[in-house]
Asker: 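My structure is below; once you've seen it, I'll send some questions.
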Amino acid sequence: MNSSPPTRIVILGGGWGGVATARRLERLLRGRTDVEVTLISRDNYFLVTPLLFEACSGTLELRHCSISVRESLETTSFIEATVQQVDFDQRVVEATAAGGTTHQVAYDQLVLTLGSVTKQRIPGSEHALTFKTMADALLLRNHFIECFERASAETDPGRRQALLTFIVVGGGLVGVELFGELTAFRDNIARYYPGISRAEVRFRLFEYGPRILPEVDAGLASYAVRVLERRSGAAIRAGTPVLEIRERALRTADETIESETIILCAGILPSPTAAGLEIDRDRRGHLSVDATMRSRSHPNVWALGDCASIPGPDGRPYPYLAQHALREARTLAHNLCAALAGGKPKPFLYGSLGTMASLGHATGLARILGLRLTGFPAWWFRRTYYLFQMPHWSRRMRIVADWTIALLFRPDISKVDLADERALLARNTPAGNARTSPPKEKDSSAAGGRSPN
Ligand SMILES: Cc1cc2nc3c(=O)[nH]c(=O)nc-3n(C[C@H](O)[C@H](O)[C@H](O)COP(=O)(O)OP(=O)(O)OC[C@H]3O[C@@H](n4cnc5c(N)ncnc54)[C@H](O)[C@@H]3O)c2cc1C
């Protein structure tokens, strides 16, 4: 009888990279009892980020752009907890669960895939909303509807204009897709606000670089500008650095715009937890790994996804995208198993299949395997692709039902104000029994909801 303890693989982070690594390990290690895999993540779901835009506008039920981690895994143990630190000498991870319980989890092999947070380099970034998590999408949706509600009753022209001005900072894929979705959202809800003309609502997108969408060729980027600027009140300013964000305003070199809604989509930085670890990192805090995704300083530590800098064949790091994180996860799982068997890990090699973006109003753009698509076909292809990325038919059917309902019926503009709900709960709870204290501000979304990452 073999009495040696099993090898412990611990994965930190249950997003695209973490869940895909665990699933591939389950396949590779099927039937083996000498290896245990544990996944620790702050949330018990992972977010299908390309669907977050539609979840924000309400085309998709918010929960339907997420997948339960437990549902995705078969033999992997799951712990819902926030990783605090890793003791690389003792090989122990410390994580805290929601109720305050501290977990000390020992490992033999560690996989770090803790994702990223929105870059907040512009002075005053704390006044801006972010768009990275499910909470961000909910806060933005509530805030957007609230701006229309308040504007419809506002008599001061300046305040009304600020309420009806929506600014996106950052012209990469996320910023442009969000901009497109918000203009479409405005068009869909406009009928409920007869006192507000479409022309009164302004959308601005500011991009530091010379053009938007550096991820695609210049032709597709110009197409996006043409489509978006045809929408009433929409303007895109490339080559325009934002110098400062204030509580209700944004400043560039030649103008200051009053706005209640400034959304920051100007790049990402690795998760602060990952960037704070005592392990080899690059200048920006990305975990420094070789081409096999093994840490340069700790051979039993591996990293992938948004928190890692994985060199490609030309020495430049791979882009921080879900399509890459998924493929990295598969190679990493193979490499880990090879390392356990005393074999040689192989480098990660991947040529992108292409790029797709939705611009709202059933329009999109895509370059897939060299093929260029625009308009409805690109939008349809993107939607169908992400639908089939969902792991179960039950989830796919729910998404199709949401899309069909959105096509046939008017949009829902109910606003679930969580801050107000909490205040109400606290008021209705006898003193001493209050489980939550009322928030200081009426609505945290209006004050600039922040990504909890
Ligand atoms: C709105 C949006 C749209 C996008 N669209 C696309 C797209 O169309 N195509 C594409 O390829 N890419 C897209 N991306 C990028 C893609 O989402 C990321 O590249 C991908 O999520 C990276 O995977 P990851 O596993 O590294 O990180 P994530 O998927 O972010 O997972 C990180 C996980 O770690 C957990 N975590 C973080 N800190 C801790 C902690 N301290 N303790 C415990 N757990 C922790 C998080 O809860 C999360 O579950 C988009 C991103 C955004 C924000």
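Just follow the structure's listing: the first ligand is 1, and inside any ligand the first atom is 1.
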Asker: Counting from 1, what ligand 1 atoms have a heavy atom of D43 closer than 4.0 Å?
Answerer: 47 (O)
Asker: In plain terms, say whether R296 and D280 are close enough for a salt bridge, that is, a side-chain N and a carboxylate O under 4.0 Å apart.
Answerer: no
Asker: Does a side-chain N-to-carboxylate-O contact under 4.0 Å join R141 and E146?
Answerer: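 Not counted as a salt bridge, because no side-chain N and carboxylate O are separated by less than 4.0 Å.
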Asker: Relative to the ring of F376, is the ring of W379 parallel (under 30°), tilted (30 to 60°) or perpendicular (over 60°)?
Answerer: tilted
Asker: Quick one: does ligand 1 sit under 4.0 Å from the side chain of A81, the backbone, both or neither, non-hydrogen atoms only?
Answerer: backbone
Asker: Just which atoms of ligand 1 are under 4.0 Å from any heavy atom in Y386?
Answerer: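 Ligand 1 atoms under the 4.0 Å threshold to Y386: 7 (C), 8 (O), 9 (N).
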Asker: Taking heavy atoms and a distance under 4.0 Å, where does V83 meet ligand 1: side chain, backbone, both or neither?
Answerer: both
Asker: Flag yes if more than 12 heavy atoms outside E244 fall under 6.0 Å of its CD atom; otherwise flag no.
Answerer: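 Enclosed: over 12 neighbouring heavy atoms sit under 6.0 Å from CD of E244.
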Asker: Report yes or no: does F46 have a heavy atom closer than 4.0 Å to ligand 1?
Answerer: no
Asker: Any non-hydrogen side-chain atom of F179 less than 4.5 Å from a side-chain atom of F166?
Answerer: no
Asker: Can you pull out every ring-ring contact (aromatic ring centres under 6.0 Å, His included) where at least one residue sits in residues 263-317? Sequence neighbours excluded, please.
Answerer: F88-H298, H286-Y320
Asker: Under 3.5 Å, is there a donor-acceptor pair between the S125 and K119 side chains?
Answerer: no
Asker: Hey, are R8 and E36 close enough for a salt bridge, meaning a charged N less than 4.0 Å from a carboxylate O?
Answerer: no
Asker: Counting only nitrogen or oxygen atoms and a 3.5 angstrom limit, does A325 reach ligand 1?
Answerer: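 There is no such contact.
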Asker: What about T82: any of its N or O atoms under 3.5 Å from an N or O on ligand 1?
Answerer: no
Asker: Can you figure out which of S358, A308, G17 has its heavy atom closest to atom 24 (P) of ligand 1?
Answerer: G17
Asker: Can you tell me if A357 has a non-hydrogen atom under 4.0 Å from ligand 1?
Answerer: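 False for this residue.
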Asker: Just checking, any donor-acceptor pair under 3.5 angstrom between side chains of E181 and S57?
Answerer: yes
Asker: Looking only at distance, does T113 have an N or O less than 3.5 Å from an N or O of ligand 1?
Answerer: yes
Asker: Are the side chains of M134 and L62 in contact, using a 4.5 Å heavy-atom criterion?
Answerer: yes
Asker: Going by the atom numbers of ligand 1, which of them fall below 4.0 Å from some non-hydrogen atom of S41?
Answerer: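 Taking each heavy atom of S41 in turn, ligand 1 has 35 (C), 43 (C), 44 (N), 47 (O), 49 (O) under 4.0 Å.
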Asker: side-chain contact (heavy atoms from CB on, under 4.5 Å) with T75: which residues, sequence neighbours excluded?
Answerer: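 Only E26 meet the side-chain contact (heavy atoms from CB on, under 4.5 Å) criterion with T75.
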Asker: Passes salt bridge (charged side-chain N to carboxylate O under 4.0 Å, His left out), E215 versus R367? Steps please.
Answerer: CA-CA 10 Å; E215 301 89 343; R367 163 96 48 201; over 6 Å; no
Asker: Quick one: does S271 get an N or O within less than 3.5 Å of an N or O on ligand 1?
Answerer: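 No, no N or O pair falls under 3.5 Å.
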Asker: In terms of atom number and element, which parts of ligand 1 are under 4.0 angstrom from non-hydrogen atoms of G14?
Answerer: 33 (C), 34 (O), 49 (O)
Asker: So between R42, Q85, H324, Q323, whose heavy atom ends up nearest atom 43 (C) of ligand 1?
Answerer: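 The residue whose heavy atom sits nearest atom 43 (C) of ligand 1 is R42.
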Asker: Answer yes or no for R383 and W380: cation-pi contact, defined as NZ/CZ to six-membered ring centre under 6.0 Å and angle to ring axis within 45°.
Answerer: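 No - R383 does not lie over the ring of W380 by the 6.0 Å and 45° rule.
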Asker: By number and element, which atoms of ligand 1 are closer than 4.0 Å to a non-hydrogen atom of P50?
Answerer: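 Those of ligand 1 that fall under 4.0 Å from P50 are 5 (N), 6 (C), 7 (C), 8 (O).
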Asker: What part of Y385 sits under 4.0 Å from ligand 1 if we count only heavy atoms: the side chain, the backbone, both or neither?
Answerer: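 Neither; nothing of Y385 gets under 4.0 Å from ligand 1.
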Asker: Of all the atoms in ligand 1, which lie at a distance below 4.0 Å from a heavy atom belonging to V174?
Answerer: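 Selected atoms, number and element: 1 (C), 2 (C), 3 (C), 52 (C).
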Asker: Considering T49, V19, L114, which one's heavy-atom position lies nearest to atom 14 (N) of ligand 1?
Answerer: T49
Asker: For ligand 1, which atoms have a heavy atom of Y320 less than 4.0 angstrom away?
Answerer: 19 (O)
Asker: Report yes or no: does C307 have a heavy atom closer than 4.0 Å to ligand 1?
Answerer: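 Heavy atoms of C307 never come under 4.0 Å of ligand 1.
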Asker: Please identify which atoms of ligand 1 are closer than 4.0 Å to at least one heavy atom of G115.
Answerer: 26 (O), 27 (O), 30 (O), 32 (C)
